[in-house]
Number of protein chains: 2
Amino acid sequence: MNENVVLTPERILEATEDVLRRFGLAKATVVDVARALDVSHGSVYRHFPSKASLREAVAKRWLERLNAPLAKIAEASGPAPARLERWLRTMFAIKHKKVSDDPEMFTTYLTLAREACKVVKAHKDGLVDQIAHILSDGVKQGTFQVTDAKASARAIFDATIRFHHPAHAEEWSDPQLATRIDVLLALLLKGLEAPRKR
Amino acid sequence: MNENVVLTPERILEATEDVLRRFGLAKATVVDVARALDVSHGSVYRHFPSKASLREAVAKRWLERLNAPLAKIAEASGPAPARLERWLRTMFAIKHKKVSDDPEMFTTYLTLAREACKVVKAHKDGLVDQIAHILSDGVKQGTFQVTDAKASARAIFDATIRFHHPAHAEEWSDPQLATRIDVLLALLLKGLEAPRKR
DNA sequence: GCGATGACAGATTTCAATATCTGTCAGTCA
DNA sequence: TGACTGACAGATATTGAAATCTGTCATCGC
C-alpha cells in the first residue's frame, strides 16, 4: 500500500482538495481522504489533530494562493494612485474569476473559510497592510493625503467589500458591475487625493 | 369564533408577525397563523394566494417601517454634506439597533428578505434614490461635484454596504466600528466635495 | 523507535416511515 | 351571494433506528 511514498502533510492536503472537489464540502470525510491516499484514517490523524485543523490548512493554502499576485503589485514601484487602482481591480478580478470558473468549488471554499475564521482574519489583515503600504507610498510621493494609512486602508477595504466579499458574489453578475466599480474607484481616489501644489 | 371582527389582510399580517416572533421563521406555518386568528387556514388563502406571498407582505411592511425616518431626512432642507452624513449614520443606527435589540427577530426578517428579493430590490432602489436626491441638492448648492447623481448614489450605497447590509451584521460588534465609519464617511465626503470658489 | 494500523466509544449523519403542512375546492351557513 | 369551512392530494418536515464518521489508543511490523 501507500504507493511507496512517505505520507506528508502536503500530500494529505492535496488529497483533501481532491476529495472536496469530488464529493463537496458536506460529504467529504477524513475516511475518504485516507482512502484516496490508501492509508488508514488513523494515519491522517498523525499529521493533523482534527478534521477542523485539516480543513483550516486547506483554507490557508487557498488564501495564500490568492494573496501572491496582490503582494507583488503592492510591492511594485510607480505612482501610488494607479497602483492602488490596479491592486483593487486585480483583487476584484481574482475573486470574480474564481466564482465564474467553478462556482461549486467557490462555495465549498467559502464555507471552509467561514469555519476557519481565524485564518481568514489574518488574510484580511494582510490585505489591509498591502493597501496601507500603497497609501504610505502615495503620501511619500505627495499624491495622497492621508493622516493614518492603516485606518484609511481599512476604509478602502470596507468601501470595496461589495466587490470582493464572497457574501456578495451573487451580485457580481450584475451587468452594470464594471460601471459601479469605475464610479466607486473614482470617488475613493478623489477622496484620497492630495491638493495640487501651486 | 373569529372574535366578531372581519378578517382583513392587515389582521392576518399582524397575526403572522406574532407567529413568527413566537415560533421563528422555520416553524411558522399558515396553520399556526389561522389558529392564532381562530379561523381555518383556508380563510387565510382567501386573502393571500400563497404562503410565500404572505411572507412577502410581512417583509414589505417591515422594510417600509425602516424607510420612513430616512425619507424624512432625505426630504429635509439644509447643507447637503451634513444631511448625507446624517442620513447614512441614521441608516447604520437603525440597522445596528435592530440587530442588538432582537437578534433572533432580525435573522428571521433577514431570511424573510432573502426570499422576497423583489421587494428588497425595490427597497434598495428607494434608498439609492434618496441618496441621489441629497446629492442633487448638494450639486445645486455647489457643495458637491457629481456628474451622475444616480451613479454616485449607488457608489455611496455600495461603499457603505459593510455597515448596513445584514450579511455583515456579525461584524457590527467590532469595538472599532465607530472609528471605521468615521474614516470612511470622511473619505467619501471628501471625494464628493466641490472645489472651493476663489 | 517510529510510523502505521484497525478496533472501539461516542457523536453525527442517513434513511424510511410517519406526521404535518400547503394549496384546492365542493359544500355550508348566514 | 359570498365569506368561511373542512376534507383531500401531493409536498414537506419530523423522528428514531441503523449506518457512518471522528478521534483515541493499544498493538504491529520494520
Side-chain angles (χ1 to χ4, degrees), chain A residues 1-60 104 107-108 111-112 114-116 118-119, chain B residues 1-60 104 107-108 111-112 114-116 118-119:
Chain A
M1 319 264 170
N2 148 350
E3 294 168 16
N4 271 342
V5 185
V6 243
L7 188 60
T8 60
E10 187 56 31
R11 284 188 62 225
I12 296 177
L13 289 183
E14 216 97 337
T16 307
E17 282 196 15
D18 263 16
V19 170
L20 284 174
R21 204 172 293 278
R22 268 189 293 143
F23 300 109
L25 186 61
K27 304 207 156 187
T29 71
V30 352
V31 172
D32 290 330
V33 174
R35 225 190 327 261
L37 289 162
D38 220 349
V39 297
S40 73
H41 75 279
S43 300
V44 174
Y45 279 98
R46 176 160 307 281
H47 297 276
F48 293 92
S50 67
K51 186 183 187 181
S53 78
L54 175 56
R55 289 184 159 189
E56 190 175 291
V58 172
K60 197 170 173 197
E104 210 161 317
T107 55
T108 293
T111 316
L112 213 53
R114 304 201 112 253
E115 285 166 10
K118 237 189 111 166
V119 171
Chain B
M1 321 260 170
N2 147 350
E3 295 169 14
N4 271 343
V5 184
V6 244
L7 189 60
T8 61
E10 187 56 29
R11 283 189 60 222
I12 296 177
L13 288 183
E14 215 97 336
T16 307
E17 282 196 15
D18 263 16
V19 170
L20 284 173
R21 202 172 295 279
R22 268 190 292 144
F23 299 111
L25 187 60
K27 304 209 157 187
T29 70
V30 351
V31 172
D32 290 330
V33 174
R35 225 191 326 264
L37 289 163
D38 219 350
V39 297
S40 74
H41 75 278
S43 301
V44 174
Y45 279 98
R46 176 161 308 280
H47 297 276
F48 292 92
S50 68
K51 187 182 186 180
S53 76
L54 175 56
R55 288 184 160 189
E56 191 176 291
V58 172
K60 198 170 172 198
E104 209 161 318
T107 55
T108 294
T111 316
L112 213 53
R114 304 202 113 252
E115 285 166 11
K118 237 189 108 167
V119 171

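Order of the sequence lines fixes the chain letters, A, B, ..., with proteins taken first and strands second; residue numbering starts at 1 for each chain.
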Residues B:L112, B:L20; criterion side-chain contact (heavy atoms from CB on, under 4.5 Å); working and verdict:
CA-CA 10 Å; B:L112 213 53; B:L20 284 173; 4.2 Å; yes
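- Taking atom CZ of residue A:F23 and atom C1' of nucleotide C:dT13, one finds them 16 Å apart after rounding to whole Å.
- With contacts defined as side-chain heavy-atom distances shorter than 4.5 Å, the pair A:D32/A:T29 qualifies.
- Computed from coordinates, the B:R55 CZ to C:dT22 C1' distance equals 12 Å when rounded to whole Å.
- Side chain of A:R55 to main chain of A:L25: a donor-acceptor pair is present (N/O by atom type, distance under 3.5 Å, no hydrogens or angles).
- A straight line from NZ of A:K27 to C1' of C:dC15 spans 12 Å, rounded to a whole angstrom.
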Pick out the pairs of N or O atoms, protein on one side and nucleotides 28-30 of chain C on the other, that lie under 3.5 Å.
none

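- Rounding to whole angstrom units, CG of residue A:L37 and P of C:dT5 are separated by 10 Å.
- The separation between A:L54 atom CG and D:dG23 atom C1' is 13 Å, rounded to whole Å.
- Residue contacts shown for A:V31 include a base, since a base heavy atom lies under 4.0 Å away.
- Between A:L25 atom CG and C:dT12 atom P there is a gap of 16 Å when expressed in whole angstrom units.
- Look at CZ on A:R35: it is 16 Å from C1' on C:dT5, rounded to the nearest Å.
- Using a 4.0 Å cut-off on heavy atoms, the residues of residues 40-52 of chain A that approach DNA chain C are A:S40, A:H41, A:G42, A:S43, A:R46, A:H47, listed by number.
- The list of side-chain hydrogen bond (donor to acceptor under 3.5 Å, both in side chains) pairs with a residue in residues 40-51 of chain A, not counting sequence neighbours, reads A:S40-A:S43.
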